Amino acid sequence: MIARRIVGSVAIAILLGLAAGDARAGCTTSTDATAVRRSLARQVRCNDKEFRQGPGATCLLSDPPACAGTLVTDAVALGYGPNNPPAAAVDMRALRAQLGCQKRVGAAISAYVGVKLGGLVRGLDPATVDARARRMLDRLPTQCLVTVAEDAATEIPAPAVGRQCAAAAPMAGSTVDGPALRDCLHTLLQVWVDRWGPNPQPLRPNILFILSDDQRWDTTDGKHGLSGADVMPRTRAELADQGVEFNEAFMTTPLCCPSRSSILSGQFAHRTGVYKNGGNNGGADDFDDTSTLAIWLQNAGYRTSLIGKYLNGYNTLWNTNQGQPPYVPPGWSEWHGMKNVAYYNYRIVEPDGAGGYVENFYGNTPADYSTDVLREKAKTFIANAVAAGEPFFLYLAFKAPHLPQTAAPRHDGLFQSIPPWRPPSYNEPDVSDKPTWMQSLPPQDSTDLDQIRIDQLEMLQAVDEAIGGSTTYGITGIMEHLRNLGVADNTIVVYFSDNGWLWGEHRLRAKNQPYEESIRAPMFVRYPPLAPLPRKEGCFALNIDLASTFAELAGAGVPIFQDGRSLVRVIDGTQPAGTWRTDFLAEAWPGSHPWATVREAQWKYTEIALTPGDPNTLFDRELYDLISDPYEENNVASDPANATRVATMAARLRQLRQNWPVDADPNGPDPEEDE
């Protein structure tokens, strides 16, 4: 007899190895497969036994081999969800049918993993092995014709499964969707067994990254919609309702060029050296483009393209008047970068058909509206890549909803009737607790800001149509295009924004500030092999995570240090507990008040250097309890009761950004950093 759950040095090594991203050879012998099957079967039986006897039940358990990593733990958690293990014994008679389904789910998962892994290590045909392994899974639709119920005494639900598949067996009183449950379990188990099997390979999906510009995180659902309708209903239907919605997604620097540089490199702005949109230490000329996501993926065999906005100052990288050809950064198989980023009257650098590049001008007719033009170029690139049989990476970067306010003619005036936005922090009446530079700010012009909000929501409509199409206007969206080409389920689609926008909160407008409206992003991930059913995810996801995520999926080498982390195991729900970030750094260099922030789930701490670059500078400090004060109205940094918290978070800030505040001056010293 051993302890109820896997413990000891093997399990600890597995968790540490996953957290560090160590390479694994996988299980390669029949002895390994037998040990995995035994460990998994015993844990499943133990869960079933604890429904009868409670958590004090004595179970015979065995550790899986180290080669299996978290496979056993992940599989059991998938099959039992919150009942792994059951918190108490339940009424076996009242829940007989539900527990019968629960037991069959556990048995089917155990059988699949054991048979599939055993067949793979023996070198059998994967398709034949998979068909044999899934037999018990295929019986679930007829064996789980039950309604989810709760035990009357303990409120323990049954059946219950992991959150990855919970949409198929949701709240008490709902009917289990047997086919959806079967398919979800099978999809994930396939990936996981292959991940820990004898010849693990990257998934190598097509990668479609869609980036909006200056979009607040709260502008896709009904919060700002007409009569409560979603602002971006097609995007939500195609991505959020078919994938993972990250409720806690952030940009580490909420400004266009630094954020985009971080996306392409996987590094903080204080490491890339791109602090601003232009001038010294800002703009495209300060970005090192010799090692980027595009190069890594191209080296891994991907056909790569950027379509739309690249980096601020891109147009300064060559001089047309001196006869210089347009500059195309390395790593891009096909380039469609906007020389001047606008809705009308813009130029795009794109292939000339003879192996070079040319600046093509687009005018001011409705057909030239840049969101629509970029949409069609994206569809063409995708079709060509699929026809060539090449995996593709497409970075599609719209201008919307960046100012100036220019909606597509078909959407102009659509949101004119929405009520004004007046959160508690709007034109904050008392800013005496805010940083010194803010205390003299006048209230914002409400009429101007209200119209900006209306126009930004209208500009997002063309983005929404680009993703989800429109029968009204005869638009085939990109997602339908992927389906028509037969590659939708083998394409990971990620939607993100480079920074948020303030609509008058704290007397501020625009971005580049540490407040939630500025640093949060909408984020959706659709990729059925890792997320077969929709769910919401509460882990912190950052713009610096995207490069590592795409590189891992593609099997691409990453030759530069990564401040971000791959989200692959967050997306599929297998990130080991306690190994994901619980806080993160955000930073910016606006004007004379550069700031750095540590954001936790509940607390946010910010320092504003009063003498940037001086190691002995004084600071303005902000501390907010985001649970009791979600609108960041009451700065409690000076409260003696919070002195320990301020000291702890200040120390943490210097762990995350070791040269702060010396590197607060964008034109000052920039000491080397440890990796």
Side-chain angles (χ1 to χ4, degrees), residues 214-219 223-224 246-255 259 420-444 446 449 452-453 497 499-522 538 540-542 582-591 593-610 619-650 652-653 656:
D214 287 9
Q215 182 180 1
R216 289 168 59 112
W217 95 96
D218 57 359
T219 55
K223 187 173 184 177
H224 298 282
F246 281 82
N247 293 325
E248 300 290 337
F250 295 83
M251 315 86 172
T252 52
T253 301
L255 186 66
S259 180
W421 174 239
R422 298 292 184 267
S425 57
Y426 184 84
N427 272 338
E428 194 170 345
D430 182 3
V431 290
S432 61
D433 64 337
K434 292 295 183 285
T436 304
W437 75 271
M438 292 180 60
Q439 293 176 12
S440 60
L441 289 177
Q444 289 285 330
S446 295
L449 271 179
I452 288 174
R453 172 172 170 256
S497 174
N499 50 256
W501 228 84
L502 289 139
W503 284 330
E505 294 90 349
H506 318 295
R507 305 188 183 184
L508 296 170
R509 58 181 284 165
K511 50 202 174 186
N512 216 23
Q513 306 301 337
Y515 303 107
E516 294 292 281
E517 296 82 5
S518 178
I519 66 173
R520 295 186 70 169
F540 287 138
L542 308 177
T582 56
D583 61 12
F584 65 90
L585 170 74
E587 57 191 4
W589 291 258
H593 47 275
W595 55 266
T597 291
V598 176
R599 168 67 151 83
E600 300 174 350
Q602 179 173 356
W603 294 93
K604 179 196 282 187
Y605 172 73
T606 300
E607 290 184 0
I608 299 93
L610 299 183
F619 300 98
D620 279 337
R621 291 181 167 89
E622 294 182 273
L623 180 70
Y624 297 101
D625 181 342
L626 298 175
I627 292 180
S628 64
D629 182 23
Y631 291 97
E632 300 170 276
E633 297 178 272
N634 302 306
N635 178 8
V636 295
S638 62
D639 186 337
N642 293 319
T644 299
R645 186 177 306 282
V646 167
T648 299
M649 296 187 77
R652 178 58 174 158
L653 171 57
L656 294 169

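A quick note: this is a predicted structure, and the numbers were derived from the prediction, not measured.
- Annotation: the span from E505 atom CD to E517 atom CD amounts to 4.0 Å, rounded to 0.5 Å.
- Between W501 and R509, the closest side-chain pair of non-hydrogen atoms falls below 4.5 Å.
- In terms of modelled atom types and a separation under 3.5 Å, the side chain of D433 and the main chain of N635 share a donor-acceptor contact.
- Residues L610 and D620 have side chains in contact (heavy-atom distance under 4.5 Å, counting atoms from C-beta outward).
- Of the possible donor and acceptor atoms, one in the side chain of T253 sits under 3.5 Å from a partner among the backbone N and O of E587.
- Side-chain atoms of W595 come within 3.5 Å of backbone N or O of N512 as a donor-acceptor pair.
- In this structure, the ring-ring contact (aromatic ring centres under 6.0 Å, His included) partners of H224, at least two apart in sequence or on a different chain, are W421, W503.
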Could you walk me through whether D625 and V636 pass the side-chain contact (heavy atoms from CB on, under 4.5 Å) check?
-> CA-CA 8 Å; D625 181 342; V636 295; 5.5 Å; no
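- To the nearest 0.5 Å, atoms CD1 (I452) and CG (L502) are separated by 11.5 Å.
- Residues L508 and M438 have side chains in contact (heavy-atom distance under 4.5 Å, counting atoms from C-beta outward).
- Judged by distance alone, with hydrogens and angles left aside, the side-chain atoms of N499 form no donor-acceptor pair with the main-chain N or O of K511 at under 3.5 Å.
- Judged by distance alone, with hydrogens and angles left aside, the side-chain atoms of Q513 form no donor-acceptor pair with the main-chain N or O of S518 at under 3.5 Å.
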Start with the C-alpha gap between S497 and R216, add the side-chain angles, then the distance that decides, and say whether side-chain contact (heavy atoms from CB on, under 4.5 Å) holds.
-> CA-CA 8 Å; S497 174; R216 289 168 59 112; over 6 Å; no
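- Using a 4.5 Å heavy-atom threshold, the side chains of E428 and K434 count as touching.
- The closest donor-acceptor contact from the side chain of K604 to the backbone of P514 lies under 3.5 Å.
- Of the inter-residue distances, the one linking R520 atom CZ with W217 atom CH2 reads 5.0 Å to the nearest 0.5 angstrom.
- Atom-to-atom distance recorded for R621:CZ and S638:OG is 11.0 Å, nearest 0.5 angstrom.
- In this structure, Y515 and H506 have tilted ring planes: the angle between them lies in the 30° to 60° band.
- Remark: R453 pairs with no residue by the salt bridge (charged side-chain N to carboxylate O under 4.0 Å, His left out) rule, at least two apart or across chains.
- Partners of D583 by side chain to side chain donor-acceptor pair (under 3.5 Å), not counting sequence neighbours, listed by chain and number: R652.
- At least one donor-acceptor pair closer than 3.5 Å links the side chain of Q444 to the backbone N or O of R507.
- Inter-residue side-chain proximity for I608 and E622 is flagged as met; some heavy-atom pair is nearer than 4.5 Å.
- To the nearest 0.5 Å, atom CG of residue L653 and atom CZ of residue F619 are 8.0 Å apart.
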Can Y426 and S446 be said to form a side-chain hydrogen bond (donor to acceptor under 3.5 Å, both in side chains), step by step?
-> CA-CA 10 Å; Y426 184 84; S446 295; 2.9 Å; yes
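- The main-chain N or O of E633 is found under 3.5 Å from a side-chain atom of D629 such that the two form a donor-acceptor pair.
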